Amino acid sequence: MTLGQLRLCSIAVILLATPLMAASCDQNKKPGAPVSANTSNPGEGRNMKENTANSPLDVFQPQVAGRFYDSNPDRLRDQIEKYLSMATKDNPKLAGDLLGIIVPHAGYPYSGPVAAHSFALLKKRKFTRVVVLGPAHHRAFSSPALLDADAYATPLGKIAIDKKAVAKLQSMGAGYIDREKFFGEHGLEVELPFLQVTLGDFK
């Protein structure tokens, strides 16, 4: 499945990496070290139904909550909605299908107001799958890494991961499953709360 073959029920979020944004990226965290996070908050589970089977959900925990963005769900939602409100005033009306957006990925004080201009375009649109593409900050590797957990948690709740699509991408050689590559990374994660606020339920 390539971006050109994505159905219109999908949106691609492509992260923009520039020297200015790289300067605000925290690279002091040792690569490969998971960041512990308490996800028992009022927003947990909003984006994903609990697994009714006896086996617990395999949930990938947030790596940079409380550093790149607020770990308090109410403050985080308020901050994002404020950014979106400011951006919506300036956003043009777009004709045609929206296939992807390009956004920065630094800490919210640096990138949030800019990223909001792209994310505001998702409001009042219905996408059921989001493909998030982004850079790696701690390791060099030639093929895209894929995450096959059941869900990715943020302070706003759990986002279901489309494991069938992940397996399909790996079988086609478009990437390979390697959870280790996601530890300590912030590039993809900082976009997830914006998606939760603008889209609600999605994979």
Side-chain angles (χ1 to χ4, degrees), residues 1 10-15 25-73 76-77 80 103 105-108 111 115 119 127-139 141 143-171 174-203:
M1 180 170 62
S10 303
I11 181 74
V13 177
I14 303 170
L15 310 186
C25 292
D26 180 5
Q27 298 186 20
N28 296 326
K29 183 81 184 148
K30 290 183 180 179
V35 177
S36 61
N38 179 7
T39 59
S40 57
N41 58 61
E44 184 169 328
R46 182 174 295 157
N47 291 87
M48 182 176 181
K49 294 178 180 177
E50 294 297 333
N51 190 352
T52 55
N54 291 331
S55 59
L57 288 175
D58 175 15
V59 179
F60 191 80
Q61 297 301 316
Q63 302 292 294
V64 294
R67 293 194 296 134
F68 279 71
Y69 58 88
D70 205 309
S71 59
N72 177 282
L76 177 58
R77 186 173 290 275
I80 292 172
V103 292
H105 65 270
Y108 280 16
S111 69
F119 283 113
F127 293 102
T128 57
R129 182 192 293 129
V130 179
V131 179
V132 188
L133 309 173
H137 294 82
H138 304 296
R139 307 163 190 78
F141 47 97
S143 297
L146 303 168
L147 183 63
D148 70 338
D150 292 319
Y152 200 125
T154 81
L156 300 182
K158 300 185 190 85
I159 302 169
I161 294 176
D162 189 340
K163 296 181 72 172
K164 288 184 180 178
V166 169
K168 181 72 171 175
L169 287 170
Q170 177 165 263
S171 71
Y176 62 99
I177 294 169
D178 188 347
R179 182 175 304 213
E180 183 72 15
K181 299 291 193 294
F182 291 83
F183 287 132
E185 275 293 346
H186 65 273
L188 303 183
E189 183 178 311
V190 295
E191 315 306 341
L192 301 181
F194 269 99
L195 290 167
Q196 287 172 298
V197 171
T198 54
L199 291 181
D201 285 331
F202 62 93
K203 288 185 178 180

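Predicted model only: the values in this text are computed from it and were never measured.
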Smallest separation among heavy atoms of A151 and K158, with atom names: CB-CB, 4.1 Å

Between S143 and Y176, the two heavy atoms sitting closest are O-CE2, 3.2 Å

Only one of R139, H105, H137, Q63 forms a side-chain hydrogen bond (donor to acceptor under 3.5 Å, both in side chains) with E185, so which one is it? H137

Which residues pass the salt bridge (charged side-chain N to carboxylate O under 4.0 Å, His left out) test with K181, sequence neighbours left out? D178

Take the angle between the ring planes of F182 and F60 and call it parallel below 30°, perpendicular above 60°, tilted in between. perpendicular

Hey, are the side chains of E189 and Y152 touching, using non-hydrogen atoms and a 4.5 Å cut-off? yes

For the student: nearest non-hydrogen atoms of P193 and L156, plus distance: O-CD1, 3.8 Å

Assign the ring pair H186 / F68 to parallel, tilted or perpendicular, where the plane angle (0 to 90°) is split at 30° and 60°. parallel

Among I80, V197, L199, V103, which one satisfies side chain to side chain contact (heavy atoms under 4.5 Å, CB included) with F119? V103

Centroid separation Y69 to Y108 less than 6.0 Å: yes

Nearest heavy-atom pair of P73 and P155: which atoms, and what distance? CB-O, 3.3 Å

Heavy-atom side-chain contact between R179 and D148 under 4.5 Å: yes

